[in-house]
Protein chains: 2
Amino acid sequence: MSGNLVTDPGRATELAEAEQPPSESFGVTPSQRHLSAGQLLFREGAASAGVYRLQTGRVRLFRSTPTGIQVAMHTVRRGELFAEASLFSARYHCDAVALEPSEVLVYPKRPLVQSLREHPERLWIFTAELARRVQGLRSRAEIKQIRSASERVLQFLALVCDASGVWRQEGTLKQLADDIGLTHEALYRTLARLEHEGRIVRLEGALRLRRQLP
Amino acid sequence: MSGNLVTDPGRATELAEAEQPPSESFGVTPSQRHLSAGQLLFREGAASAGVYRLQTGRVRLFRSTPTGIQVAMHTVRRGELFAEASLFSARYHCDAVALEPSEVLVYPKRPLVQSLREHPERLWIFTAELARRVQGLRSRAEIKQIRSASERVLQFLALVCDASGVWRQEGTLKQLADDIGLTHEALYRTLARLEHEGRIVRLEGALRLRRQLP
DNA sequence: CGTCACATTGATGCCTCTCAAAGCTTGTGG
DNA sequence: CCACAAGCTTTGAGAGGCATCAATGTGACG
């Protein structure tokens with residue numbers, strides 16, 4: 001029944017949102033936009049203009065609360081789609097600010113909505129990407145809930161490694177530390193300890209998880 | 001263009017996934033299923049049978065990793081839809097186990113996919129719910145990243161309170177502690193301290209955030 | 001009235017953050 | 001080709017904060 005429109009993201013991609021292939025344009029040709037550090041992309045309450053995909057740099061979503069506090073909602077990662085909810089709402093629900101010089105793709109709202117409406121199979125693909133993102137966010141949240149640094153690292157590796165237990169790092173270990181919510185010092189110490197305990201092996205630009213003996 | 005199909009979830013619901021109204025059936029009549037504590041709902045690799053909504057109890061999603069470790073992917077909350085990704089995949093990507101006696105609604109896959117395919121407006125609503133969930137998960141993840149217990153509580157309150165700064169608690173404080181990733185002791189202490197410092201007011205079944213003077 | 005779960009407070013210890021410093025790699029410019 | 005800067009990597013010392021264990025109070029419910 002599902003036929004050729006079924007998209008199976010596979011197992012290894014769930015935490016690797018940032019590594020997804022350029023992916024669909026959903027029938028819309030996006031325009032590119034450059035943001036300098038500190039520049040505002042959109043403001044809470046403004047009419048929603050579209051959906052964005054971050055190509056390079058970093059963008060943070062803020063929300064101003066009734067009591068005047070600014071709450072960070074999310075820090076967008078490279079390759080990630082954001083402000084999807086603006087498709088279903090007339091206005092943005094948060095501010096978006098570039099933390100560094102950044103490049104974003106803009107999918108203008110009207111054409112995108114029209115495209116998704118007129119081509120249900122595109123909407124299906126869009127929905128599939130959202131469902132995948134929900135999965136990824138859930139596992140990420142679960143990982144960050146773990147208190148122990150070593151347990152957190154081990155579970156992260158278990159989740160993203162391939163069949164032979166190897167995880168090939170994309171960026172720096174410092175970035176990894178940030179990803180899993182540790183300071184870089186804590187991560188370095190933890191990796192050193194785990195290797196000393198024989199639970200992982202450190203390779204050139206990669207980590208290998210060793211199967212524990214019972 | 002978007003017309004009457006646009007669904008605007010509003011501001012206050014983003015962290016309150018569990019409090020969403022019974023919501024759509026997406027054109028499918030779900031069946032109910034009871035799970036006893038420890039019972040397996042579905043297993044990784046099994047043919048995906050449908051999508052679920054947890055009514056009462058607790059369900060946890062696990063994943064067996066290549067190295068044999070079990071990783072907790074997510075703990076489902078009351079009212080939450082889960083296993084949505086199974087719509088786009090032939091097989092489940094994780095195990096689902098009831099932690100307590102639980103009631104789930106089952107939306108069988110075939111009819112649901114057919115319904116969503118034949119009625120794009122239902123798919124649109126389904127997508128909107130997913131987009132909302134992405135928002136909610138993001139803010140929740142951001143909240144949990146905050147180290148300081150008092151900051152975490154304050155940001156949570158700032159995010160979910162109404163215009164007058166009041167948050168009406170739905171369950172127990174113990175549940176709140178679990179939601180925001182604190183032990184209940186730490187939460188009680190934090191609330192006591194925040195009230196003593198004059199930053200919040202504790203009401204009957206509610207908390208009020210006091211606007212800070214500059 | 002007894003049980004059970006939530007609410008609250010106390011004492012202790014461990015773990016991670018923080019600050020600090022040094023080695024190492026990479027890139028740039030003179 | 002060398003020197004310098006910048007960022008990542010690594011290790012050290014100290015402290016603060018939250019988890020943990022423990023005990024008591026309190027309210028609901030049968």
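Sequence lines set the chain letters: A, B, ... in the order given, protein chains first and strands last, and positions in each chain run from 1.
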Can you check whether B:Arg33 reaches B:Leu41 side chain to side chain, under 4.5 Å on heavy atoms?
-> yes

Which residues share a ring pair (Phe, Tyr, Trp, His ring centres under 6.0 Å) with B:Phe126, sequence neighbours left out = B:Phe26

Return a table of donor-acceptor pairs under 3.5 angstrom between the side chains of residues 174-184 of chain A and protein atoms on other chains or two or more places apart.
{"from": "A:Asp179", "atom 1": "OD1", "to": "A:Arg77", "atom 2": "NH2", "distance (Å)": "2.2"}
{"from": "A:Asp179", "atom 1": "OD2", "to": "A:Arg77", "atom 2": "NH2", "distance (Å)": "2.8"}
{"from": "A:Thr183", "atom 1": "OG1", "to": "A:Ala186", "atom 2": "N", "distance (Å)": "3.3"}

Calculate the interatomic distance between [X] atom [atom1] and [N] atom [atom2]; express it in whole Å.
X        : N      : atom1 : atom2 : answer
A:Arg152 : D:dA19 : CZ    : P     : 12 Å
B:Leu176 : C:dA5  : CG    : P     : 20 Å
B:Glu151 : D:dG16 : CD    : C1'   : 16 Å
A:Leu191 : D:dC8  : CG    : C1'   : 14 Å
A:Tyr188 : D:dG12 : OH    : C1'   : 16 Å
B:Leu187 : D:dC18 : CG    : C1'   : 13 Å
A:Ile180 : C:dC17 : CD1   : P     : 10 Å
A:Ile146 : C:dT16 : CD1   : P     : 12 Å

Would you call A:Arg138 and B:Glu80 a salt bridge, using N to O less than 4.0 angstrom?
-> yes

Under the side chain to side chain contact (heavy atoms under 4.5 Å, CB included) rule, collect the residues that match up with [X], sequence neighbours excluded.
X        : result
B:Arg147 : none
A:Ala37  : A:Pro101
A:Thr190 : A:Ala149, A:Ser150, A:Val153, A:Arg193, A:Leu194
A:Glu103 : A:Gln32, A:His34, A:Gln55, A:Thr56

By nearest-heavy-atom nucleotide on DNA chain D, the more 5' of A:Arg202 and A:Arg147 is A:Arg202

Axial bend angle, the helix from C:dC1-D:dG30 to C:dG30-D:dC1: five-pair end segments, nearest 10° = 40°

Listed once per pair and sorted, the salt bridge (charged side-chain N to carboxylate O under 4.0 Å, His left out) pairs that draw on residues 199-209 of chain A, sequence neighbours left out | none

Quick note, A:Leu173 side chain, CB onward, closest among C:dT16, D:dC18, D:dT9 is D:dT9

What nitrogen or oxygen pairs link the protein and nucleotides 21-25 of chain D at under 3.5 Å?
{"from": "D:dC21", "atom 1": "N4", "to": "B:Glu185", "atom 2": "OE2", "distance (Å)": "3.0"}

Hey, does the side chain of A:Thr183 come within less than 4.0 Å of C:dT16's phosphate (OP1/OP2), counting only N and O?
-> no

